[in-house]
Structures are given as C-alpha cells and as structure tokens.
Amino acid sequence: MDLYLSLLALVVLCTFLYLISLFYKSKPAGGNIPPGNTGWPIIGETLEFASTGKMGTPEKFVNERMKKYSSEIFKTSLIGERMAVLCGAAGNKFLFSNENKHVVSWWPQTHEKIMLFKQASTIGESKKVRGYLPEFLRPDNLRKYVEVMDSMARQQIVTEWTPGREVKALPLARKHTFALACQLFMSIDDPEQVSRLADSFARVSAGLLAIPIDFPGTIFNRAIKAANMIRYELLPIIKKRRDLMAENKEMETRDLLRHLILSTDQEGKFMTEMEIADKILHLLVASHDTTSTVITFAVFYLADHPHVYEEVLKEQMEILKSKGPEKLLTFEDIQKMRYSRNVVNEVLRLSPPAPGAFKHVISDFTYEGFTIPTGWKAHWSVFSTHQNPKYFPNPKKFDPARFEGSGPMPFSFVPFGGGPRMCPGAEFARLVILSFIHNLVTKFRWEKLLPDEKVKFDPSPIPVNGLPIRLVPHKC
C-alpha cells in the first residue's frame with residue numbers, strides 16, 4: 001500500500017509539474033482579448049470540458065459559453081493552453097481559410113510522443129501525410145476499393161453478425177474497419193496478424209488523450225509501447241515489399257504501402273522503413289474511429305427510427321435487385337445511395353466522430369473585434385453549429401431530409417473539417433460506411449437490447465455497453 005501511495009503521489013506531482021510547464025508556454029495576452037474564463041490555475045477548464053463529454057453532452061461546454069460570453073468567440077484554457085474558441089459557420093470559415101496564414105494544425109503533446117517515433121512535430125508530419133494521400137485516394141483507385149469493402153463487409157456479416165442472438169455493434173464495427181484498413185493500407189489479411197495489430201492499436205487509441213505521464217503502468221506509457229510494437233511488426237512487412245519491388249518480383253497492388261514506398265520528398269529522397277511505419281500508424285488512427293463510430297451510430301439511429309430504416313431498405317434493395325445478390329457493389333452503385341448518404345450525414349451531424357480540432361496561432365489576428373495573440377491555440381467545435389438551431393432547426397431530431405437539395409449552410413456541417421485542411425479521406429470513409437450499411441440492411445432488421453443505453457464522448461461517441469442488438473433476418 002505504501003508503495004502504491006508513493007507511486008500515486010509521484011504521478012500527481014509529475015502531472016502538476018507538466019501542466020505548469022504547459023501553462024507558462026503562453027504568456028498573458030494584452031489588448032482586447034475575447035471574453036471568457038480560463039478557469040482554475042494550470043488545469044483551466046479541462047476537467048469541465050472532459051466531464052461534459054463523459055456525461056454524453058459535449059455540446060454543453062460550448063453552448064453555455066456562447067450564451068454567457070459571445071455567440072462568436074470566447075476564451076478558455078484547455079490542456080494547459082490558453083485558447084480562443086471560434087464559433088458558428090463564420091468562425092469555422094475563418095479558421096479553415098487562414099490555415100498557414102494565421103494558424104496551423106496542432107495536437108496535444110501526447111499525440112507527438114505516441115504517434116511519431118522520432119518525436120517530430122505533428123504540424124510538419126500532418127502536412128507530409130496529406131501529401132502522400134492523393135495518389136492512394138485517386139478516383140480510379142477508390143473505384144477498385146469498393147469491391148474490397150463490399151467483399152469484406154459480406155464476409156464479416158456472415159461470420160459474426162449472427163441472427164437470433166445478442167451481438168455488440170461497436171466492437172464488431174471496430175473489428176471490421178481495422179481489418180479493412182490492414183487490407184487496403186498494407187495488403188495484410190492474416191487474421192492472427194490483424195488481431196495482434198488490433199490489440200496494440202486499442203492501447204494506442206486509449207492513450208492519445210491520457211495524462212501524458214510516461215511511467216510504467218500508466219495508460220500513456222502503455223500506448224507508447226503499443227505504438228512501437230505496431231511499428232516493429234510493420235518493419236519486416238515494409239522491407240520485404242520494398243525488396244520485392246526493387247527486384248520487380250511483386251505483383252502490382254494499389255495499397256497505401258506501395259504508394260508510400262514510391263513517394264519521395266522535395267529533395268527526391270525515399271522514406272525509411274521506420275518513417276513509412278509512422279505514416280501508416282498515423283493513418284490508422286485517423287481513419288479507424290471515424291468509420292467504426294459512424295457505422296455504430298447508423299445502427300443506433302436506424303433502430304430508433306423505423307421509417308428511416310424502411311427508406312434505406314427500399315433504396316438498398318433496389319440496388320441489390322438491379323445487379324443480383326452475387327455481384328459485388330461498384331462505385332456507381334454507391335453513387336445511387338442518395339437517401340442512405342443523407343442518413344450518414346445526419347449520423348455525422350448528431351454523433352460526430354471528432355468534436356473539432358485545435359490550431360496553433362502563428363501570427364496575431366483579429367476576429368469580431370478581439371485579438372488572438374501568437375502562441376495561443378484556437379479551437380473550432382462541431383457543436384457550435386451541428387446542434388445549433390440557427391443552422392439546424394429542431395437540432396435534436398434525427399432528420400435526413402436536412403441534406404436534400406442544397407443542404408445546410410456552408411461551413412455549418414463540418415464533420416471532416418473544411419477548406420485546405422478538410423480530411424482528404426472523407427469520401428473513402430463514406431464508401432466504407434455505405435458499403436457496410438448496404439450489406440447489413442439487406443440482410444437484417446434489428447432491435448436494441450438496451451433502448452436507453454447511455455452514450456459518452458471520449459472524445460468520439462461511444463455507447464457505454466457496446467450497443468447490444470438482436471438481429472432478425474428478412475423473410476424470404
């Protein structure tokens with residue numbers, strides 16, 4: 001017990017000293033800074049920010065301050081940083097439009113220590129990763145990925161979404177999207193290897209927003225070790241592929257790994273195996289939670305709204321009958337899923353997989369008459385628009401019709417960001433989600449086993465019991 005208390009005291013002390021160091025990076029600002037409250041010394045309003053998510057009401061943090069201080073902008077202090085929160089569609093547009101002029105993307109230090117082997121800056125790393133993606137996400141490549149997405153969705157639904165017994169949608173969605181990423185990113189299809197990587201990846205995900213204390217036994221420490229385990233499992237795969245390509249012995253594939261091996265920087269240099277492993281880890285994190293979260297909440301909302309389910313079923317059955325049950329989906333089939341795409345958009349609006357993003361202020365700027373100094377952080381939040389009646393009347397109602405016609409006001413629907421920093425994998429994610437919905441809806445109806453299951457945001461929305469459902473196959 002004494003040892004335990006000593007270790008606990010050490011962790012608390014280290015955390016306190018770490019937060020102090022973060023807090024004093026940002027000097028007190030002069031001038032006409034935005035209204036707001038920076039909360040407690042050092043920790044700011046971080047605990048309240050996190051607690052609203054744990055309670056399932058992350059929008060509460062932003063909405064209360066918009067009402068109290070300003071509907072356009074307010075200041076706060078989060079994760080040891082002085083921060084300006086820009087609100088509404090205009091705030092989103094300003095931040096998206098001023099990337100690399102007044103702001104650059106920023107992630108907490110935990111991301112740098114876990115995600116980058118050499119502890120480089122995530123700002124530069126993020127730019128590099130985005131530079132490698134266009135080739136992988138070319139329209140002709142996306143067309144080919146649809147068949148793989150459909151085939152793997154069919155396989156998992158047949159083997160694991162068993163009718164007549166309880167299944168949990170969240171872990172199954174995570175399993176599917178991770179296996180799919182392993183296949184499309186690296187052509188890994190060995191179930192045991194995928195399972196090992198998935199176990200390590202779960203520890204990585206858990207540590208990204210943990211208290212950044214690198215001490216044996218902490219969530220953060222386990223995440224760093226798990227990230228390194230993933231890297232060292234990928235290294236021989238990368239080396240073998242590179243050797244085969246150099247000897248022209250590899251059957252040509254269009255996976256991400258091939259693109260990364262062939263990519264060069266501005267000086268014409270190829271990446272090392274470790275640098276490629278870093279990129280793949282980064283993209284696994286970026287892609288996994290988005291797709292698995294949206295699949296889970298599509299199941300969640302379709303169970304609650306039978307009339308919406310019926311419209312999705314009608315659309316998907318028409319596509320199925322037009323091609324026959326044995327033929328795989330095509331890119332053109334996905335484009336016909338207009339109503340289903342609107343349903344996915346409404347899922348993204350109400351249960352966004354990411355709450356927003358942070359920016360680092362690289363030059364003073366003025367917004368709505370207030371000055372945000374260099375060195376501060378800026379934050380845009382989906383909740384300042386997604387659940388704001390100004391942009392979405394009756395915002396709590398699940399209504400896919402919002403996305404018919406011209407759809408929402410520009411910069412009000414931002415689940416993937418916007419401007420030059422809009423997520424380049426947004427369409428890839430939608431293909432994954434829609435191909436899975438097609439297979440699930442055309443085979444089953446379902447009901448929630450816990451109709452009032454609580455949802456928490458950590459930071460992605462998570463049904464606390466994994467969303468258990470009972471599947472009922474369609475009658476022939």
Side-chain angles (χ1 to χ4, degrees), residues 114-115 117 129 132-133 135-137 141-142 144-161 170-206 208 223 226-242 244-245 250-263 271 273-296 328 353 424-425 428-433 435-436 439 460:
I114 294 172
M115 300 300 297
F117 184 74
V129 168
Y132 301 130
L133 285 177
E135 177 68 20
F136 177 68
L137 297 174
N141 285 337
L142 287 177
K144 290 181 170 60
Y145 302 152
V146 170
E147 292 189 358
V148 179
M149 295 170 184
D150 184 32
S151 176
M152 292 186 68
R154 290 187 186 193
Q155 182 180 358
Q156 199 211 37
I157 286 175
V158 167
T159 57
E160 301 195 47
W161 294 70
L170 176 60
L172 287 180
R174 285 175 170 172
K175 184 175 183 179
H176 169 67
T177 55
F178 190 80
L180 183 59
C182 287
Q183 175 65 51
L184 291 176
F185 289 2
M186 302 165 284
S187 297
I188 294 175
D189 55 11
D190 175 30
E192 292 186 5
Q193 188 172 27
V194 171
S195 179
R196 284 198 308 273
L197 290 169
D199 290 342
S200 295
F201 182 78
R203 293 193 291 276
V204 170
S205 296
L208 289 174
N228 287 332
M229 287 177 64
I230 292 174
R231 290 185 182 93
Y232 286 112
E233 177 133 5
L234 296 181
L235 286 177
I237 297 171
I238 298 168
K239 185 178 187 307
K240 181 179 179 180
R241 178 74 74 84
R242 174 168 271 169
L244 288 172
M245 290 171 62
E250 185 224 21
M251 293 181 62
E252 183 174 348
T253 59
R254 296 204 178 193
D255 63 10
L256 177 65
L257 178 54
R258 177 180 179 83
H259 296 308
L260 293 176
I261 290 173
L262 294 175
S263 296
M271 286 184 282
E273 280 88 4
M274 186 60 78
E275 288 172 332
I276 292 173
D278 263 0
K279 306 297 181 294
I280 291 173
L281 179 60
H282 184 108
L283 290 166
L284 283 172
V285 170
S287 65
H288 180 258
D289 280 346
T290 300
T291 49
S292 61
T293 296
V294 180
I295 287 172
T296 299
L328 293 171
F428 176 88
R430 284 193 171 96
L431 295 178
V432 175
I433 295 159
S435 62
F436 193 88
N439 282 280
S460 296

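Index from 1, following the sequence. Keep in mind that the numbers below use all heavy atoms, side chains included, and drop hydrogens, waters and symmetry copies.
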Query raised in the report: So, does Ser151 use its side chain to make a donor-acceptor pair with the main chain of Glu147 at under 3.5 Å?
Result: no

Report summary line: When rounded to the nearest 0.5 Å, the distance separating CG of Leu281 from NZ of Lys279 is 11.0 Å

Report summary line: Minimal heavy-atom distance between Thr177 and Ile295, with the atoms involved, is CG2-CD1, 4.0 Å

Report task. Starting from the C-alpha separation in whole Å, work towards a yes-or-no answer on side chain to side chain contact (heavy atoms under 4.5 Å, CB included) for Leu197 and Ile188. Result -> CA-CA 10 Å; Leu197 290 169; Ile188 294 175; 4.1 Å; yes

Report summary line: Across all chains, not counting sequence neighbours, the side-chain hydrogen bond (donor to acceptor under 3.5 Å, both in side chains) partners of Lys144 are none

Query - Parallel, tilted or perpendicular, as decided by the 30° and 60° cut-offs, for the rings of Phe428 and Tyr145 - result: perpendicular

Query raised in the report: Salt bridge between Asp199 and Arg203, side-chain N to carboxylate O under 4.0 Å?
Result: no

Report summary line: For Ile280 and Leu234, the nearest pair of non-hydrogen atoms, with its separation, is CG2-CD1, 3.9 Å

Query raised in the report: Can you check whether Leu257 reaches Ile237 side chain to side chain, under 4.5 Å on heavy atoms?
Result: yes

Report task. Answer yes or no: is there a donor N or O on one side and an acceptor on the other, between the side chain of Ser435 and the main chain of Leu431, under 3.5 Å? Result -> yes

Query raised in the report: Atom NZ in Lys239, atom CG in Leu244: separation rounded to 0.5 Å?
Result: 10.0 Å

Query - Beyond-backbone contact of Leu262 with Met245, side-chain heavy atoms, under 4.5 angstrom - result: yes

Report summary line: Interatomic distance, CD1@Ile157 vs CG@Leu172, rounded to 0.5 Å, equals 10.0 Å

Report summary line: Note: Leu284 and Ala181 closest approach over all heavy atoms is CD2-CB, 3.7 Å

Query raised in the report: Who are the side-chain hydrogen bond (donor to acceptor under 3.5 Å, both in side chains) partners of Glu160, not counting sequence neighbours?
Result: Lys175

**Report entry** Thr291 side, atom OG1; Arg430 side, atom CZ - distance, nearest 0.5 Å
**Finding:** 13.0 Å

Query raised in the report: For the residue pair Leu184 and Asp255, what are the closest heavy atoms and their distance?
Result: O-CB, 3.1 Å

Query raised in the report: What's the spacing between Asp278 CG and Arg231 CZ if we round to 0.5 Å?
Result: 4.5 Å

Report task. Looking only at non-hydrogen atoms, find the nearest pair between Ala227 and Val204 and report the distance. Result -> N-CG2, 3.5 Å

Report summary line: Taken in chain and number order and not counting sequence neighbours, the residues that satisfy ring pair (Phe, Tyr, Trp, His ring centres under 6.0 Å) with Phe185 are Phe136

Requested in this report: Show the numbers, then the answer: is there a side chain to side chain contact (heavy atoms under 4.5 Å, CB included) between Arg241 and Ser187?
Outcome: CA-CA 10 Å; Arg241 178 74 74 84; Ser187 297; 3.7 Å; yes

Query raised in the report: Who pairs with Ala223 by side-chain contact (heavy atoms from CB on, under 4.5 Å), at least two apart in sequence or on another chain?
Result: Ile114

Report summary line: Interatomic distance, CE@Met186 vs CD1@Ile238, rounded to 0.5 Å, equals 8.5 Å

Requested in this report: Sequence neighbours left out, what passes side-chain hydrogen bond (donor to acceptor under 3.5 Å, both in side chains) with Gln156? Give chain and number order.
Outcome: Trp161

**Report entry** Polar side-chain atom of Ser460 near backbone of Pro353 as donor-acceptor pair, under 3.5 Å
**Finding:** yes

Requested in this report: Output all residues satisfying side-chain contact (heavy atoms from CB on, under 4.5 Å) with Val158, sequence neighbours left out; order by chain, then residue number.
Outcome: none

Query raised in the report: Any side-chain heavy atom of Arg154 within less than 4.5 Å of one from Leu328?
Result: yes

**Report entry** Derivation and outcome, side chain to side chain contact (heavy atoms under 4.5 Å, CB included), residues Met274 and Tyr232
**Finding:** CA-CA 8 Å; Met274 186 60 78; Tyr232 286 112; 3.8 Å; yes

